[in-house]
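Contents: one structure, followed by commentary.
What you are looking at is a predicted structure, and each value in this text was computed from that prediction instead of being measured.
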Amino acid sequence: QVQLVESGGGLVQAGGSLRLSCAASVRTFSIYAMGWFRQAPGKEREFVAAISRSDASTYYADSVKGRFTISRDSAKNTLYLQMNNLKPDDTAVYSCNADLNVKDVIAGVGVNYWGQGTQVTVSS
């Protein structure tokens with residue numbers, strides 16, 4: 001069983017930055033591919049970014065490329081999402097997920113584990 005707990009959300013002005021964290025309660029953290037999704041009010045949940053088990057590959061939604069960076073620290077069992085140049089359209093609840101297969105992480109379907117989410121609000 002894997003528990004994921006996000007933190008780092010908050011209120012920021014457009015153009016600002018935030019770093020989200022996702023702490024995983026599992027000793028075998030390195031075997032999981034992990035990702036971030038977000039859901040804005042009245043909209044479907046959408047993929048933001050993912051990272052493979054080996055850290056060799058990262059994946060981003062077109063809307064965040066060049067602004068967001070996903071990374072992981074296996075020593076701390078933690079996933080990160082550095083978000084720069086934030087826009088009001090980035091306002092959403094951000095959740096992390098984990099699965100053995102990075103394709104499932106990206107698709108957000110059949111994923112074994114999800115966190116509860118952290119709110120990010122970007123004011124104009």
Side-chain angles (χ1 to χ4, degrees):
Q1 187 72 13
V2 178
Q3 289 187 323
L4 303 175
V5 180
E6 302 93 338
S7 62
L11 174 63
V12 63
Q13 289 188 331
S17 298
L18 282 174
R19 189 177 78 157
L20 304 183
S21 299
C22 171
S25 62
V26 61
R27 285 186 289 182
T28 54
F29 177 77
S30 61
I31 73 171
Y32 290 95
M34 300 192 72
W36 290 97
F37 273 70
R38 66 186 182 186
Q39 187 167 19
K43 295 186 177 181
E44 292 187 357
R45 185 168 59 187
E46 65 173 355
F47 168 74
V48 176
I51 188 166
S52 67
R53 295 187 284 179
S54 65
D55 287 1
S57 299
T58 55
Y59 309 84
Y60 296 95
D62 288 342
S63 58
V64 305
K65 279 181 182 177
R67 300 189 299 122
F68 290 11
T69 302
I70 188 170
S71 62
R72 63 193 296 165
D73 185 337
S74 294
K76 296 182 178 180
N77 282 7
T78 302
L79 175 74
Y80 300 102
L81 185 67
Q82 177 67 45
M83 305 185 296
N84 298 328
N85 191 21
L86 283 161
K87 305 175 181 180
D89 284 348
D90 294 319
T91 295
V93 174
Y94 285 71
S95 301
C96 59
N97 66 357
D99 199 271
L100 296 178
N101 189 323
V102 71
K103 291 183 179 179
D104 289 340
V105 166
I106 293 170
V109 176
V111 172
N112 283 326
Y113 307 107
W114 288 90
Q116 293 297 311
T118 185
Q119 176 70 47
V120 171
T121 303
V122 185
S123 62
S124 57

- Note on the structure: Those residues at least two apart in sequence (or on a different chain) that pass side-chain hydrogen bond (donor to acceptor under 3.5 Å, both in side chains) with Q116 are none
- Message: With side-chain contact (heavy atoms from CB on, under 4.5 Å) as the criterion, how do M83 and L20 come out once you've worked through the C-alpha distance, each side chain's angles and the decisive distance to 0.1 Å?
- Response: CA-CA 8 Å; M83 305 185 296; L20 304 183; 3.7 Å; yes
- Message: Check for me, please, whether Y80 and V102 land in the same ILVMFWY cluster - side-chain distances under 4.5 Å, paths through other members count.
- Response: no
- N85 and D90: which non-hydrogen atoms are nearest, and at how many Å? O-OD2, 4.5 Å
- Judged by atom type as modelled, is there a donor-acceptor pair below 3.5 Å linking the side chain of T78 to the main-chain atoms of A23? no
- To the nearest 0.5 Å, atom CG of N101 lies from atom OG of S52 at 11.0 Å
- Task: Measure the shortest side-chain to side-chain distance between V105 and Y59 over non-hydrogen atoms and say whether it is less than 4.5 angstrom.
- Result: no
- Item | For the student: nearest non-hydrogen atoms of P88 and S124, plus distance | CG-CB, 3.9 Å
- Note on the structure: Correct closest heavy-atom pair for M34 and C22 would be CE-SG, 4.1 Å
- Check whether any side-chain heavy atom of Y94 lies under 4.5 Å from a side-chain heavy atom of E6, and answer yes or no. no
- Geometric class of the Y113/Y32 ring pair [parallel <30°, tilted 30-60°, perpendicular >60°]: perpendicular
- Task: For N112, check side-chain hydrogen bond (donor to acceptor under 3.5 Å, both in side chains) against everything at least two apart and list the hits.
- Result: D99
- Item | Non-hydrogen side-chain atoms of Y60 and T69 separated by less than 4.5 Å | yes
- Message: So, taking the atom named CZ in F29 and the one named CG in D73, what distance separates them when rounded to the nearest 0.5 Å?
- Response: 7.5 Å
- Note on the structure: Between I106 and A50, the two heavy atoms sitting closest are CG1-CB, 3.7 Å
- Item | Approximate separation, where rounding is to 0.5 Å, of L81 CG and T118 OG1 | 11.0 Å
- Note on the structure: Those residues at least two apart in sequence (or on a different chain) that pass side-chain hydrogen bond (donor to acceptor under 3.5 Å, both in side chains) with K43 are none
- Do T91 and Q119 have side-chain heavy atoms sitting under 4.5 Å apart? yes
- Would you kindly confirm whether L100 and V109 end up in one hydrophobic cluster when ILVMFWY residues are joined by side chain heavy atoms under 4.5 Å apart? no
- Task: Check the surroundings of atom CD in E46: do more than 12 heavy atoms from other residues, nucleotides or ligands lie under 6.0 Å from it?
- Result: yes
- Message: So which atom in S17 and which in N84 form the shortest heavy-atom distance, rounded to 0.1 Å?
- Response: OG-OD1, 2.9 Å
- Pair R38-V120, side-chain contact (heavy atoms from CB on, under 4.5 Å): steps then yes or no: CA-CA 9 Å; R38 66 186 182 186; V120 171; over 6 Å; no
- Query: Between F37 and W114, is the gap from one ring center to the other below 6.0 Å?
  - Reply: yes
- Query: Which heavy atom in L79 sits nearest to a heavy atom in C96, and how many Å separate them?
  - Reply: CD2-CB, 4.0 Å
- D62 bridged to K65 by N-O distance under 4.0 Å: yes
